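Because the structure is predicted, anything quoted here is derived from the model rather than measured. Hydrogens, waters and symmetry mates are skipped; everything else that's a heavy atom, side chains included, is used. Every number for a ligand or one of its atoms is a count from 1 in the order of the listing.
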Amino acid sequence: MPNILVLGGTIEATRLVAALAAAGLPATLSYAGRVERPKPQPVPVRIGGFGGAQGLAAYLRDNKITHLVDATHPFAATISANAVQAAEHAGTPFLALTRPPWTAREGDQWTRVPDIPAAVAALDGPRKNIMLALGRMHLAAFGHHPQHRYLLRLVDPPQTPPPLPDHHIIIDRGPFDADADAALMQAHDITLIVAKNAGGTGAQAKLVAARRLGIPVLMIDRPPLPDRAQVHDIAAVLDWITA
Ligand code: 3Y8
Ligand code: NAP
């Protein structure tokens, strides 16, 4: 009988563990513990770091994990590098479930930048109404450009106010809806959106809304990830596990 560990935090991970539960394949879903109330799941959940690649390798061995699936977010580069290394150390079969990056379409006004610092640098210039749809972890970097008015969308209320003198916080979690995102952008007279190239469907609504309203997008490319076996759909993961 397999004993699967899924590294989660994405819609794909949620859909994968639902499919595993439906197939009667024992699995545990792992969260970092980044938000106060992670989504309830139909499989046992573990929350918190492992203690680096070594800690994850020990977890794989101690819990006799037969398959490790990395279904984390494309910007979760550290856990993804650790997962490849840990699976190798522990001799555990490994597969990543990820989603292709978004690509600009007809009507999109994207400026692509390689990383968060480049996105900050691109905000040099006169005041704009900016929707920073990046979550909480990188807000401090944008304190470099306090001249803008920032609309922040966070999963949980921040413990300390962000270092942005002119900001408005919306507490909400995805998946989001294009009509609601368009209404939000119009209500705040947004003139620029800053987004990570997360891919997938959960965060895509803001891009559909931006295209509809003709709002430019500063799109942050994904961090580099190690070479690894990866698939884009859940059926391929199930085939791999039951092969
Ligand atoms: C803790 C666990 C599911 C998973 C849903 C997906 C979609 C909705 C859209 C915007 C963009 C952002 C952010 C976002 C989305 C999904 C997915 C996704 C983006 C939860 C969750 C956890 C997190 C962590 C959180 C980060 C933050 C990033 C908000 C659960 C809700 C901005 C990424 O406060 C914090 O510290 C939040 C941190 C990492 C990025 C950041 O830098 O702040 N996600 N998000 C996971 C853990 O503990 O291991 O409760 O569901 C999951 C989801 N958030 O099952 O339906 O699949 O990507 N998450 C980004 O894309 O830029 C919001 O606002 O438009
Ligand atoms: P990260 O920078 O790659 O990881 C930092 C550390 O957090 C890891 O070294 C590990 O700690 C711990 N960790 C991360 N994901 C974990 C998981 N699923 N289970 C157990 N420990 C985990 O990760 P991140 O960008 O902070 O993302 C954290 C979580 O949020 C992930 O589950 C990710 O899928 C989800 N998420 C992130 C984003 C994003 O924009 N980054 C967006 C949506 C969802 P140890 O070294 O102690 O093991």
Please indicate whether any nitrogen or oxygen in [X] is less than 3.5 Å from any nitrogen or oxygen in ligand 1.
X      : result
Ala32  : yes
Asp156 : no
Ile11  : yes

- Answer yes or no: does an N/O atom from Ile79 fall short of 3.5 Å to an N/O atom of ligand 2? yes
- Task: Could you tell me the residue and atom name of the protein heavy atom closest to atom 34 (O) of ligand 1, and the distance to it rounded to 0.1 Å?
- Result: Arg136 NE, 2.8 Å
- Query: Closest non-hydrogen protein atom to atom 63 (C) of ligand 1, residue and atom name please, with distance?
  - Reply: Phe176 CE1, 4.0 Å
Return yes when [X] approaches ligand 2 closer than 4.0 angstrom through a heavy atom, no otherwise.
X      : answer
Leu56  : no
Gly135 : no
Ala53  : no

Is [atom] near the protein, in the sense that some protein heavy atom lies at less than 4.0 Å from it?
atom                    : value
atom 59 (N) of ligand 1 : no
atom 16 (C) of ligand 1 : no
atom 26 (C) of ligand 1 : no
atom 49 (O) of ligand 1 : yes

- Note on the structure: Output for pair (Asp189 CG, Met131 CE), nearest 0.5 Å, gives 14.0 Å
Judged by non-hydrogen atoms, does [X] sit under 4.0 Å from ligand 1?
X      : value
Arg99  : yes
Val155 : yes
Pro175 : yes

- Message: As a check for students: among Gly52, Ala83, Gly33, Ala13, identify the option with a heavy atom nearest to atom 46 (O) of ligand 2.
- Response: Gly52
- Donor-acceptor pair, side chain of Gln109 and main chain of Gly214, under 3.5 angstrom: yes
- For the pair Asp156 and Arg34, find out whether any cationic side-chain nitrogen is under 4.0 Å from an anionic carboxylate oxygen. no
